[in-house]
Amino acid sequence: MTSDVAPAPRQNPAGDPTPRNGAAAPVAAPPNGARPVAGPETVAAPEAGAGPVGVGPHPLPWPDDPRLDPALLAGGDRRNVVDEYRYWSNEAIVADLDARRHPFHVAVENWQHDFNIGAVVRNANAFLAAEVHIVGRRRWNRRGAMVTDRYQHVRHHPATSDLVAWCRGRDLPIIGIDNLPGSRPIQSAELPAACLMLFGQEGPGLSEEAREAADVVLHIPQFGSTRSINAGVASGVAMYEWIRRHATV
């Protein structure tokens, strides 16, 4: 589910901004920064020749549970959700996730319509981030999200200054994630339970304004020849580092 949302490009300061095809259609953002939950979706089977994912129609009699969606009970549930949520309505899933979301937020800059934002949103859903914040352009390519944005709060900020003001008003430290000179390795740096991790755009990485706004900039150590990893990969690593320290597994 989305609030004032927009996608942002990658996290690396230096990368290979290879364009991809197939931008998804934009979704109108609802008032107060919260996107309405859409109806059930279907996802492709994991491999060619494999059967459909999910489950078929629920046998009668149906369970007496207000969380269940009659349309899914009747037609089957092929959505990209864990088995625990089979046949649940989208609204019920969001309500259950909201009751136990983690206190960290994730933000990504989107000045040139980055294709990595969908992966950032999907990772945020997987690690149960409080919200994803998209800075810059409102429109973003949802293909990589695999429809997880229906269950993830996404908020849009037109400018970096808007994001900074939002964080300062909630006492959320801004943790920049980029392999910049002077940055600290994420595995040994302080990573507060309540924080916002900020990723830059594909190619240039964090903007100058974002670097100045960050309370600290951390990097993910690398050991190969590439100069950087993209924001989708970096966000997953950084969020897992948060989970490793603060979540009950």
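Counting heavy atoms from C-beta outward, N230 and N116 have side chains that approach closer than 4.5 Å. You'll find the side chain of L191 reaches within 4.5 Å of the side chain of R245, heavy atoms only. Using a 4.5 Å heavy-atom cutoff, the side chains of M197 and F199 are in contact. You'll find the side chain of Q201 stays beyond 4.5 Å of the side chain of S207, heavy atoms only. The shortest side-chain heavy-atom distance between L196 and P173 does not fall under the 4.5 Å cut-off. M146 has its side chain out of reach of N125: every pair of non-hydrogen atoms, C-beta onward, lies at least 4.5 Å apart.
With 3.5 Å as the limit, one finds a donor-acceptor pair spanning the side chains of H133 and H105.
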field: Pair V81-I93, side chain to side chain contact (heavy atoms under 4.5 Å, CB included): steps then yes or no
entry: CA-CA 9 Å; V81 297; I93 294 174; 4.1 Å; yes
query: Would R184 and V217 satisfy side chain to side chain contact (heavy atoms under 4.5 Å, CB included), going step by step from the backbone distance to the final call?
result: CA-CA 7 Å; R184 300 172 58 189; V217 177; over 6 Å; no
task: Output, in order, the C-alpha distance, side-chain angles, deciding distance and verdict of side chain to side chain contact (heavy atoms under 4.5 Å, CB included) for H58 and L68.
output: CA-CA 11 Å; H58 195 290; L68 304 183; over 6 Å; no
message: Pair T148, V121 - check side chain to side chain contact (heavy atoms under 4.5 Å, CB included), show working.
response: CA-CA 7 Å; T148 55; V121 171; 4.1 Å; yes
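Looking at every heavy atom in both residues, H219 comes nearest to S183 through ND1-OG, 2.8 Å. When all heavy atoms of D96 and E84 are compared, the closest pair comes out as OD2-OE2, 4.3 Å.
Atom CG of L97 is separated from atom CZ of R100 by 5.5 Å, given to the nearest 0.5 angstrom. Here the NE2 atom belonging to H157 is positioned 10.0 Å from the OG1 atom belonging to T160, to the nearest 0.5 angstrom.
Side-chain N or O atoms of H153 include none that pairs as donor or acceptor with a backbone N or O of A129 at under 3.5 Å. W242 places a side-chain N or O within donor-acceptor distance of the main-chain N or O of A193, the cut-off being under 3.5 Å. Judged by distance alone, with hydrogens and angles left aside, the side-chain atoms of H102 form a donor-acceptor pair with the main-chain N or O of F127 at under 3.5 Å. Of the possible polar contacts, one joining the D77 side chain to the Y87 backbone as a donor-acceptor pair under 3.5 Å is found. The closest donor-acceptor contact from the side chain of S235 to the backbone of A231 lies under 3.5 Å. Under a 3.5 Å cut-off, the side chain of N123 and the backbone N or O of A119 do form a donor-acceptor pair. Judged purely by atom type and a 3.5 angstrom limit, R211 uses its side chain to pair as donor or acceptor with the backbone of L206. Looking only at distances, no side-chain donor or acceptor of E209 sits under 3.5 Å from a matching main-chain atom of A213. Proximity of a side-chain donor or acceptor of R78 to a complementary backbone N or O of V53 within less than 3.5 Å is detected.
No continuous path of ILVMFWY side-chain contacts below 4.5 Å connects F223 to L218, so the two sit in separate hydrophobic clusters. Note: the hydrophobic cluster containing V233 also contains I175 (ILVMFWY, side chain heavy atoms under 4.5 Å, direct or indirect links). Taking hydrophobic clusters as Ile, Leu, Val, Met, Phe, Trp and Tyr residues chained together by side-chain heavy-atom distances below 4.5 Å, I186 shares a cluster with V237. Using a 4.5 Å cut-off between side-chain heavy atoms of Ile, Leu, Val, Met, Phe, Trp and Tyr, with links allowed through other members, W88 and W62 fall into the same hydrophobic cluster. Follow the hydrophobic side-chain contacts under 4.5 Å out from L128 and you never reach L172; the two are in separate clusters.
Within a 6.0 Å sphere centred on CD of Q187, heavy atoms belonging to other residues, nucleotides or ligands number more than 12.
In summary, of the residues considered (V106, D178, L163), a side-chain contact (heavy atoms from CB on, under 4.5 Å) with L198 occurs for L163 alone.
When the side chain to side chain contact (heavy atoms under 4.5 Å, CB included) test is applied to P158, the partners found at least two apart in sequence or on another chain are H156, D162.
Salt bridge absent: D69 and R79 never bring a charged side-chain N and a carboxylate O closer than 4.0 Å.
Annotation: cation-pi geometry satisfied between R170 and W166 (NZ/CZ under 6.0 angstrom from ring centroid, within 45° of ring axis).
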